Amino acid sequence: DPEIVSGPAAEPECFAPWSADTKFFKFPKKDGPYRIALANGYIANTWRIQMVQTAKAYAAQPDVAAKLKEFKVVSTGEDVPAQISAINNFIDSGYDAIVVNAQNPTAFAPVIKRAKEAGVVLVAFDNILDTEDAINVNVDQKGLGQLWGDWLVKHLPDGGKVLEVRGVAGTSVDTDRHDGIHEKLQASGKKFEVVEVMGKWDDGVAQKVTADAIATSGPFDGITGQGGDTGIVQAMIDAKHPFVPFGGETENGFRKFCAAHAADGLKCSSAGTGPAQVAVAIKTAIAALEGQVVPQSVKLPLAIVEDPNFKEGQDYFQAESDNFFVGNSFPTCGINFSAQEIMKQSKDNQ
Amino acid sequence: MESGAPLFRMEGISKRYGGVRALENAELSVRTGAIHAVLGENGAGKSTLIKIMAGVVAADEGQMTLDGQPVTFASPAAANAAGIACVFQELSLIPELSVADNIVIFNPPTRFGMIDRKAQRRLAEEALARAGAADIHPLALVKDLPLSRQQIVEIAKALARKPRILILDEATSALTSADVSKVFAVLKRLRSEGLALVYISHRMNEIAELADDCTVFRNGSKVASYAAGTRSDSEVIEMMIGREYHSVYPPKPGPLAPAAPVLETRNLSWANRLHDISFSLRAGEIVGLGGLDGQGQRDLLLALFGVLRGLRGTVLVDGRAISIGSPAQARRHGIGMALIPEDRKTEGLMLPMTVRDNLSLASLDRLTRGGIIDRPKEESAIDRMMTLLSIKAGNIDAPVGALSGGNQQKVVIAKWLMRQPRIVLLNDPTRGIDVGTKQEIYQLLRRLADEGAAILFYSTDYAELIGCCDRVLVLYDGAVKRELAGPEITERALIASALNISSADPSHREPIQ
Amino acid sequence: MNDWRYRLTEHRGTLAAVAIFVVMFIIYTANHPAGFTANVIQTAANKGVLLAFVAMAQTMVVITAGIDLSVGMIFLLTNCLASWLVVGSPLETAFGVVVVLGVGASCGAINGAIVIYGRLQPIVATIATGAVYFGFALLLRPFPGGSVNEGLADALTGRIFGVVPASLVALAAVVVVIWVPFSRSVYGRAAYAVGSSETAAYMSGMPIRRGKLLAYTLAGLVAALGGLFLTFFTYTGDAALASGNAYTLFSIAAVVLGGVSLFGGKGSAIGAVFGALAFRTIGDLLFVFDLDPLWQPLFQGLILLAAISLGALALFRVRNRLEWFL
Amino acid sequence: MTGATGRKSTFIRNLDPAVVTAFGCILLLLVLGSLYSRSFLSPEYLLQQLKVASFLGIIATGMMLVILLGQIDLSVPWTVATGAMMACAAAAYGPVGTALAIPFGVLCGIGIGLVNGVGVAYLRIPSMIVTLATNAVAQGVMVVYTGGFSPQDSATTAMRYLATGALVPGIPNVVFIWALIGAAMVFLLRRTGFGRAVYGIGNRERAAYLSGINTRRIVMIAFAASGGLSALGGVLLAGYASKAAQSMGDAYLLPAIAAVVLGGTSILGGKGSYLGTVAGVILITLLQSILSVTQMPEAGRQIIYGVVIILMLLLYGRAPASR
Ligand SMILES: Nc1ncnc2c1ncn2[C@@H]1O[C@H](COP(=O)(O)OP(=O)(O)OP(=O)(O)O)[C@@H](O)[C@H]1O
Ligand SMILES: Nc1ncnc2c1ncn2[C@@H]1O[C@H](COP(=O)(O)OP(=O)(O)OP(=O)(O)O)[C@@H](O)[C@H]1O
Ligand SMILES: [Mg+2]
Ligand SMILES: [Mg+2]
């Protein structure tokens with residue numbers, strides 16, 4: 001069992017606590033090298049693929065590799081019980097730490113209990129776990145929504161009609177971001193009319209529902225999208241909808257559009273956290289195993305780029321795929337992957 | 001008609017299927033302790049009538065009385081509860097269930113709400129024994145049994161219900177004569193036990209042997225009821241077909257001039273079902289396949305048509321050894337084979353598709369140019385066939401399922417004749433077909449032969465083989481036991497060789513199954 | 001006499017499923033770092049049992065020659081409902097369980113009623129009802145959460161005498177209490193008969209409508225048992241569309257692996273249960289073979305393809321090509 | 001015979017009541033939608049719907065072919081994605097790659113379809129399960145591919161032009177493509193031996209086989225065509241979104257099946273007309289669109305979507321009474 005200690009953490013800039021009352025853990029120090037596992041759920045989308053590639057690349061970095069005896073990744077698909085079983089299996093097989101991108105934040109209570117009993121360090125990231133017994137490497141989803149809300153408030157001083165393209169219904173990420181946006185819009189005291197559609201974080205779906213919304217409820221004065229933003233902009237272009245301020249994610253395609261059409265009114269705030277957070281999670285796990293002090297809940301910095309700061313080759317890559325997520329480095333943690341470097345690694349390795 | 005209040009009576013029954021009047025003011029009355037034969041052409045409405053009687057189909061109008069009380073049956077189960085059991089023309093067995101499951105299906109014995117399998121098995125064995133088929137294993141799956149055995153199971157299933165009225169709709173059409181005589185013994189016993197039996201068959205000799213009362217139907221209405229034996233066969237047939245009736249079989253041309261065979265097999269064997277079959281077939285010749293049902297005749301036809309895998313031996317067409325891997329190859333130019341399959345409903349036709357589509361289905365390669373259907377050509381080919389076989393169909397764009405069984409069978413034959421095949425294989429093509437249509441088919445076969453086709457013709461009806469064939473190959477246990485030619489083809493010879501005995505007293509030998 | 005030969009033929013599909021599962025599971029445990037231990041088995045059991053329930057539900061419908069594409073959604077809906085109701089005192093918990101199972105059975109009955117009385121094709125009818133059930137699940141759990149009676153949950157997902165996984169025992173109990181009586185009842189036989197030949201079943205006066213309705217209803221009930229176990233396993237309710245769809249599709253795969261004919265009339269839920277366990281073991285094999293993570297989905301797909309192609313081996317025995325066409 | 005009037009009356013007689021009712025339902029949906037917002041009747045909206053419907057329409061065309069055979073194709077999601085991703089990836093290989101992008105994408109779909117077809121026709125595995133497995137395999141291949149090589153995933157100009165351009169002003173090209181494919185399909189089903197054989201096999205494969213039709217080849221071709229059309233749908237979708245993504249096919253499987261069946265095609269095979277499928281596609285697209293813009297929680301949308309489909313099927317999609 002970890003000892004509850006007081007902060008600060010070992011690398012305070014990287015392992016930033018979520019809030020002032022976040023607990024700090026100090027696990028009993030184990031001798032390396034360690035066996036660490038990554039229990040991923042769904043794999044078949046760019047974000048996840050990029051994440052798995054980043055994890056592998058990180059584990060292969062010489063200084064990290066020196067500390068690892070084994071790094072194993074398993075993807076179990078959309079099914080929560082399969083992921084739970086995977087973690088159980090890792091525990092039974094004697095892994096020292098398990099990093100997990102949870103399919104469902106609330107479903108892991110029994111397995112968290114088991115991990116604790118077995119002395120296995122459990123670190124969750126992206127879709128984190130609803131618990132104080134495991135380490136969470138957290139994106140401030142609600143904060144992200146607030147950021148986009150603020151962006152719209154700032155650019156629409158008189159309020160107006162906003163299209164909100166949401167994610168997948170029933171997920172906490174979607175709800176948190178949605179709440180954040182609405183909180184800020186309401187707090188502004190201005191008159192905002194919000195039309196909501198579900199874009200499922202998917203370019204195709206988002207494009208279709210945006211087109212429908214423009215045709216039936218448009219035009220809009222501002223747009224916010226949680227994902228599938230490239231598709232949303234594409235739908236605006238197809239419908240000849242005027243460019244309006246937009247708060248969205250960090251897809252390369254979206255940023256390309258933002259850079260290209262900023263002058264026409266597409267004023268963007270592009271923010272999020274890239275798949276490289278997996279590296280932070282692994283780093284946290286290693287630190288915990290080494291007996292260093294780590295916060296129970298790590299707050300990841302957001303990778304934010306806002307108009308007019310989009311820079312080719314740094315914030316977006318004109319020649320590269322639309323599909324990857326650009327925000328992929330955490331300088332405070334010494335993690336400096338560029339996304340296209342990750343996605344190309346195997347090609348170059350060959 | 002003998003006196004005594006009828007047990008069951010139907011009056012003024014009408015039934016319409018869409019535009020087709022299946023029954024029009026029909027009536028029937030049956031009494032206990034008698035076998036009532038119902039006769040009529042294909043499509044006369046016999047099956048419809050008994051389906052109404054058995055609660056399978058609802059009549060549009062009319063009354064039924066049982067013991068003088070009016071009754072209506074909402075379902076087969078209701079009719080069954082009233083003591084009516086029916087062996088349908090289309091088998092009503094569940095293929096994936098065992099024989100025992102099927103036999104007790106109406107009212108299985110239960111214990112604690114679950115079917116009591118021991119008791120069920122006992123009942124099934126009893127019923128099988130009553131039907132004279134104790135050799136059928138109660139645990140065998142129905143789909144694994146040959147058709148003739150299935151029909152026996154169907155009869156056992158009806159008997160297991162201990163009915164007061166037992167209906168058999170062409171129940172013997174797929175049975176071998178040995179099985180038929182067993183069934184007849186059972187029926188006669190049931191009659192003496194006081195059951196009322198309704199018996200539908202197109203085989204006149206069966207009716208002569210069994211029936212006490214007869215009713216003839218034509219076009220959905222009763223033509224006449226009479227006590228058995230009071231009308232001559234030709235009178236009866238004229239009542240059925242509504243016209244005069246002459247000899248059924250066309251005259252045979254006599255021995256052919258010697259010619260090279262079109263089709264020849266040498267030592268054809270397959271699995272353990274066909275053994276060393278060698279025969280030849282010449283143009284202009286009708287060769288019959290005889291023997292008890294299930295002795296390999298169907299397998300032989302399928303083997304020739306390219307359906308069976310792992311054939312050994314040689315098949316020669318025009319003296320050239322060939323190997324045929326599929327019906328598509330068998331029908332090709334240069335071979336020109338056609339097979340009229342056994343079961344028109346599942347092998348011959350697409351019942352929901354139109355008569356037109358069914359007719360052209362086997363000739364699509366000839367009716368298309370570059371894959372596109374040549375409509376005028378199709379049109380004229382269809383017209384030719386409709387007239388050639390005088391197919392009665394109101395509308396050729398109506399589903400073929402709406403035709404009567406006989407006309408459906410004609411469509412099956414027509415779709416192959418459209419290709420003008422040189423070798424025609426027929427697998428029991430007249431099963432369940434009325435005399436009128438049968439006669440037309442016989443004449444057609446002879447005409448085809450005269451025009452130069454070589455015909456191989458399997459039939460379960462000995463009279464047919466005698467009447468139609470120039471030669472008959474009698475199969476026994478997958479091998480040709482005897483070849484009969486010309487005047488040798490007699491019922492006695494056929495039966496004797498079918499049972500694989502040289503002297504003729506077939507009745508004491510059990511068929512091997 | 002030679003009854004056993006007929007019995008063996010009858011249960012060939014089921015036995016093949018058992019064999020496939022046993023082989024896979026042996027490969028799995030033989031290569032598992034922890035080996036054949038109670039923990040490993042419990043983990044595999046808990047995961048496998050969920051799909052086994054859903055596959056058993058699917059079987060009931062499939063034997064009637066239908067298909068239930070809403071089965072995964074019933075599974076989700078009951079999971080969400082259980083995460084509200086199966087909590088509190090033993091009495092409240094028991095009440096919750098009854099309601100959850102009742103709702104599952106009702107969903108199944110609705111499917112059945114639409115298919116039987118509405119005369120709609122099961123495949124589309126259940127696509128549509130699946131959307132409805134998912135809607136209700138989402139209404140209950142707009143986002144994941146809720147709780148469950150943890151004592152009960154732990155008991156049913158734990159081990160009996162420290163060795164036997166309780167979930168397996170529960171699964172076996174459900175087979176004995178629901179499947180066996182159903183398959184041997186008059187209605188169960190009617191369900192088989194309907195799947196084998198609806199006309200023949202009707203002409204034989206079988207209670208086909210009630211047989212079918214019961215099959216669909218029990219399918220809903222068994223899917224609800226799956227939903228309940230999902231709640232026990234995860235302590236929460238979650239209306240995850242993707243996971244519902246995944247269970248539906250997996251259940252079809254499990255049913256086929258279990259020797260149940262998708263054309264109806266043939267097969268047993270016991271086969272489907274082993275089919276489900278085997279299917280789950282495919283996923284488990286990822287642990288024991290050190291595969292590049294990106295290759296894992298392909299590996300699973302190929303194993304599935306290989307497993308279902310095994311059935312095609314029987315083709316080489318077919319001597320009569322007409323047997324291709326059932 | 002007065003040919004013209006004869007043909008016409010045949011046409012009217014052959015009009016399936018299901019198809020007529022389906023078109024009636026489309027009008028009803030539009031009227032109901034217009035109660036919510038006037039713009040549901042605007043030409044822009046209707047054209048926009050027609051454009052979006054085209055993708056589903058093309059995919060449903062392949063699905064219909066397979067359903068007419070009494071089979072089903074569950075590999076649609078990843079066939080769509082594979083087609084899209086492979087077409088985009090091909091474009092990375094210089095001008096030749098760009099030129100061949102579209103055919104290459106479609107070819108990949110045909111490849112998946114061929115595997116399905118071989119499984120169904122030659123190995124006699126039920127289509128529901130083979131296609132499920134190939135879907136999983138296609139997904140696996142795409143994951144490996146994407147992770148390993150960072151393929152190009154932006155659509156070529158040609159793809160974008162086909163999906164979003166308008167040769168005739170106002171009418172998107174993709175609508176023409178759908179119309180073209182539809183016309184070809186109608187011709188195929190009604191006027192060719194292949195079409196007859198498809199219906200024949202759908203009704204009773206055994207009888208079709210005994211009629212000398214090479215049923216296995218036809219089944220295989222139909223699956224290949226379905227794969228190709230799904231992939232073409234994916235290619236065009238990629239053009240529409242100007243890029244390919246893995247999950248782009250997920251939203252098309254169940255709607256494609258529902259559209260075909262709502263159009264009156266029997267899921268058991270052997271019966272159905274393409275006009276019905278057109279109606280079904282438009283119905284589904286409109287319904288989804290109207291629901292997506294109503295400000296209603298997702299739960300409500302799902303429930304209404306399901307209930308409306310059931311009601312429409314009850315209206316005209318019922319099997320005949322058994323007695
Ligand atoms: N499904 C149907 N739809 C419309 N009409 C039908 C249908 N089935 C049969 N009929 C009509 O009923 C008549 C008799 O058909 P049926 O199949 O009962 O013939 P049948 O006398 O039983 O012939 P067989 O003895 O050869 O079976 C036909 O002339 C046909 O027009
Ligand atoms: N299900 C049905 N749908 C439409 N028409 C039918 C149906 N069943 C029978 N018919 C028609 O009803 C008429 C009577 O058919 P039925 O089967 O009673 O004749 P049948 O006397 O039994 O002939 P067979 O001797 O060939 O068995 C036929 O014209 C047939 O086409
Ligand atoms: Mg009849
Ligand atoms: Mg008949």
Side-chain angles (χ1 to χ4, degrees), chain B residues 51-52 55-58 74-76 302 305-307 325-332 337-354 356-358 360-375 378 395 397 399-401 412 415-416 419 421 427, chain D residues 1 3 6-7 9-16 68-70 121-122 124 183-184 186-219 221 225 264-266 268-273 319-323:
Chain B
K51 278 182 190 162
I52 291 170
V56 173
V57 163
S75 66
L302 292 177
F305 204 53
V307 174
S326 69
Q329 288 174 15
R331 71 175 195 182
R332 267 199 203 139
M337 213 184 270
L339 171 72
I340 313 302
E342 172 182 15
D343 182 350
R344 60 174 172 265
K345 295 212 162 76
T346 64
E347 299 182 339
L349 296 172
M350 328 284 173
L351 293 179
M353 289 174 75
T354 62
R356 172 202 304 277
D357 289 352
N358 271 285
S360 46
L361 205 63
S363 315
L364 285 175
D365 53 338
R366 303 240 172 120
L367 299 174
T368 53
R369 194 173 301 163
I372 297 162
I373 294 174
D374 182 344
R375 287 208 170 178
E378 183 190 20
N395 174 4
D397 286 316
V400 76
V412 180
K415 86 174 193 190
W416 279 107
R419 296 185 71 84
N427 191 348
Chain D
M1 254 290 158
R7 284 275 154 69
S9 64
T10 318
F11 178 74
I12 290 174
R13 192 149 25 87
N14 287 350
L15 261 190
D16 191 344
L68 277 178
L69 289 170
Y122 290 87
R124 310 300 306 175
V186 170
F187 184 80
L188 190 76
L189 290 180
R190 297 190 147 207
R191 292 296 183 85
T192 65
F194 179 85
R196 287 280 175 84
V198 166
Y199 282 99
I201 294 171
N203 271 301
R204 208 167 273 283
E205 187 170 4
R206 176 191 277 258
Y209 173 76
L210 283 176
S211 301
I213 290 173
N214 194 338
T215 57
R216 295 194 292 180
R217 195 172 59 201
I218 291 197
V219 170
I221 292 174
T265 299
S266 163
L268 304 175
K271 179 182 162 289
S273 73
S322 56
R323 92 184 202 131

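Remember, predicted model here, so these are calculated numbers, not experimental data. Chain letters run A, B, ... following the sequence lines, proteins first, then strands; residues in each count from 1.
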Under 4.5 Å from a heavy atom of chain D, the part of [X] involved:
| X | result |
| --- | --- |
| B:V307 | both |
| B:L364 | side chain |
| B:Q329 | neither |
| B:S360 | side chain |
| B:T368 | side chain |

*Counting heavy atoms not belonging to D:R217, are there more than 12 under 6.0 Å from its CZ?*
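No.
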
Could you measure the distance from the [atom1] atom of [X] to the [atom2] atom of [Y]? Nearest 0.5 Å is fine.
| X | Y | atom1 | atom2 | value |
| --- | --- | --- | --- | --- |
| B:N358 | D:N203 | CG | CG | 8.0 Å |
| D:F187 | B:I373 | CZ | CD1 | 9.0 Å |
| B:L361 | D:R204 | CG | CZ | 13.5 Å |
| B:S326 | D:L210 | OG | CG | 10.5 Å |

What are the two closest heavy atoms between [X] and [Y], and how far apart are they?
| X | Y | value |
| --- | --- | --- |
| B:M350 | D:G200 | SD-O, 3.2 Å |
| D:A207 | B:L349 | CB-O, 3.8 Å |
| D:G212 | B:A328 | O-CB, 3.3 Å |

_Tell me whether D:R191 contacts the main-chain N or O of B:G371 through its side chain, where contact means a donor paired with an acceptor under 3.5 Å._
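Between the backbone of B:G371 and the side chain of D:R191 there is no qualifying donor-acceptor contact (under 3.5 Å).
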
*Any donor-acceptor pair under 3.5 Å from D:R196 side chain to B:D357 backbone*: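 Looks like no, no N/O pair under 3.5 Å.
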
*Find the one option among B:I372, B:L367, B:T346 whose heavy-atom pairs under 4.5 Å with chain D are most numerous.*
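Highest number of pairs under 4.5 Å: B:T346.
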
